[in-house]
Amino acid sequence: MLVRVVKRRGGEAMLAGRIVEVEVYLGADDAAAHSAAGKTARNAVLFGPPGHAYVYFIYGNHFCFNVSCMPEGDAGCVLIRALEPVAGIEEMARNRGLVVAASEGRAAKLRLLTSGPGRLCQALGITRPHDNGKDLTSRQSDLWIGDDQFKPGEIATTARIGITRAAEQPLRYVIAQSPFVSGNLRIPKAGAGRHR
DNA sequence: ATATCGATTATCT
DNA sequence: GATAATCGATATG
């Protein structure tokens, strides 16, 4: 199994991150999916062809980025929940309103860039009117997903996060070894905490 | 360290 | 009018 990279060309810099955490949403029979109640103006992309971007705005503050995965007419999708920053880190930090210092707290701050659905959208500049519906399989698009030949270690599955319905299904997939997965369910080893 | 809460808007009932 | 696939700040041990 190979993991992929989300890339985005913005102006001069290219922004890229490796996908380290996703959640699956089934089209039908999934009370947590936006598509559960049928097609609407908001989720229309999910019912289109696979490999396209579904972007939506949530909680009045944040965007979330999904990839439609099922053939036309079926609304299954994958929510991209966390990335490992790969390229364009300074611009991502600007987008997030953070400053990445050159040395020490760097690793810690990298986690703040893209470890979460809302964060990674802000870091990559993904917004609803602008990016919704883009073809992620075409390099002509300024937002696409490609294969970077990365060989992940163990893939762990857990319950999905932040939802209020059908939350118990183990449809969240994370690269177990990655420190860049979103914070909620990180499994800190005993005594692994930081001091100060 | 963990827990609780407010922000803020598109979408649906 | 209620709700939400979140984040960041504040409060508390």
Side-chain angles (χ1 to χ4, degrees), chain A residues 6 17 19-48 50 52-70 74-85 92-100 105 108-134 136 145 156-174 179-196:
Chain A
V6 175
I19 298 169
V20 298
E21 173 180 353
V22 300
E23 276 177 13
V24 172
Y25 286 85
L26 311 173
D29 302 325
D30 184 352
H34 286 172
S35 48
K39 183 174 179 177
T40 67
R42 176 213 208 176
N43 63 25
V45 173
L46 296 178
F47 291 84
H52 286 246
Y54 167 48
V55 180
Y56 66 92
F57 195 54
I58 189 85
Y59 293 118
N61 292 338
H62 305 286
F63 291 100
C64 292
F65 172 47
N66 301 249
V67 183
S68 66
C69 287
M70 300 298 273
D74 201 334
C77 70
V78 168
L79 166 68
I80 309 299
R81 284 194 57 88
L83 303 176
E84 172 184 348
M92 290 189 198
R94 275 198 299 276
N95 290 340
R96 295 264 300 124
L98 299 173
V99 179
V100 177
K109 294 210 171 160
L110 285 182
R111 251 189 301 119
L112 295 177
L113 251 37
T114 55
S115 65
R119 288 169 174 172
L120 72 89
C121 284
Q122 189 179 10
L124 295 182
I126 296 174
T127 61
R128 164 109 165 137
H130 190 64
D131 295 294
N132 193 49
K134 278 185 177 168
L136 301 170
I145 298 180
T157 66
T158 77
R160 292 182 290 190
I161 292 179
I163 59 177
T164 56
R165 308 172 67 87
E168 69 285 352
Q169 297 189 64
L171 293 176
R172 174 175 177 249
Y173 295 78
V174 303
F180 297 100
V181 302
S182 65
N184 311 38
L185 288 191
R186 289 187 57 226
I187 37 176
K189 281 194 58 176
R194 297 171 284 289
H195 304 284
R196 60 183 181 89

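To find a chain, count down the sequence lines: A is the first, B the second, and so on, and within it residues start at 1. Nothing here was measured: the structure is a model prediction, and the numbers come from that model.
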What are the two closest non-hydrogen atoms of A:N132 and A:A53, and how far apart are they? OD1-O, 3.5 Å
List the atom of A:P85, the atom of A:M92, and the distance in Å for their closest heavy-atom pair. CB-SD, 4.3 Å
Between [X] ([atom1]) and [N] ([atom2]), how many Å, whole number?
X	N	atom1	atom2	result
A:L112	C:dA9	CG	P	10 Å
A:R42	B:dT11	CZ	C1'	6 Å
A:R165	C:dA2	CZ	P	18 Å
A:R172	C:dT6	CZ	C1'	14 Å
A:F63	B:dT9	CZ	P	11 Å
A:R160	C:dT6	CZ	P	11 Å

If only side-chain N and O atoms of [X] are considered, is one of them under 4.0 Å from the OP1 or OP2 phosphate oxygen of [N]?
X	N	answer
A:T164	C:dT3	no
A:H34	C:dA5	yes
A:T40	B:dC12	yes

Applying a 4.0 Å non-hydrogen cut-off, can you work out what A:R96 is touching in the nucleic acid: base, sugar-phosphate, or nothing? sugar-phosphate
With the threshold set at under 4.0 Å for non-hydrogen atoms, list the residues of residues 53-61 of chain A touching DNA chain B in residue-number order. A:F57, A:Y59, A:G60, A:N61
Got a sec, which residues hit ring-ring contact (aromatic ring centres under 6.0 Å, His included) with A:Y173, two or more places apart in sequence or on another chain? none
Does a donor on one side chain sit under 3.5 Å from an acceptor on the other, for A:T114 and A:R119? no
If the condition is side-chain hydrogen bond (donor to acceptor under 3.5 Å, both in side chains), which residues does A:S68 pass it with, not counting sequence neighbours? none
Output side-chain donor-acceptor pairs under 3.5 Å for residues 26-36 of chain A, partner residues at least two apart or in another chain, one line each.
unit_1 : atom_1 : unit_2 : atom_2 : d
A:D30  : OD1    : A:A32  : N      : 3.0
A:D30  : OD1    : A:R160 : NH2    : 3.1
A:D30  : OD2    : A:L26  : N      : 3.0
A:D30  : OD2    : A:R160 : NH1    : 2.9
A:H34  : ND1    : A:Y54  : OH     : 2.9
A:S35  : OG     : A:G27  : O      : 3.4

May I ask you to test the [X]-[Y] pair for a side-chain heavy-atom distance under 4.5 Å?
X	Y	result
A:I80	A:L120	yes
A:D74	A:F47	no
A:E21	A:S182	yes

DNA chain C base-pair string [pairs: Watson-Crick or G-U under 3.5 Å; |: paired with another strand]: ||||.|||||||.
As an exercise, state the distance from CZ of A:R96 to CD of A:Q122, rounded to the nearest 0.5 Å. 5.0 Å
Report the distance from atom SG of A:C69 to atom OH of A:Y25, rounding to the nearest 0.5 Å. 13.0 Å
Toward the 5' end of DNA chain B, by each residue's nearest nucleotide, A:H62 or A:R128: A:H62
Within residues 115-125 of chain A, which residues have any heavy atom lying less than 4.0 Å from an atom of DNA chain C? A:G116, A:P117, A:G118, A:R119
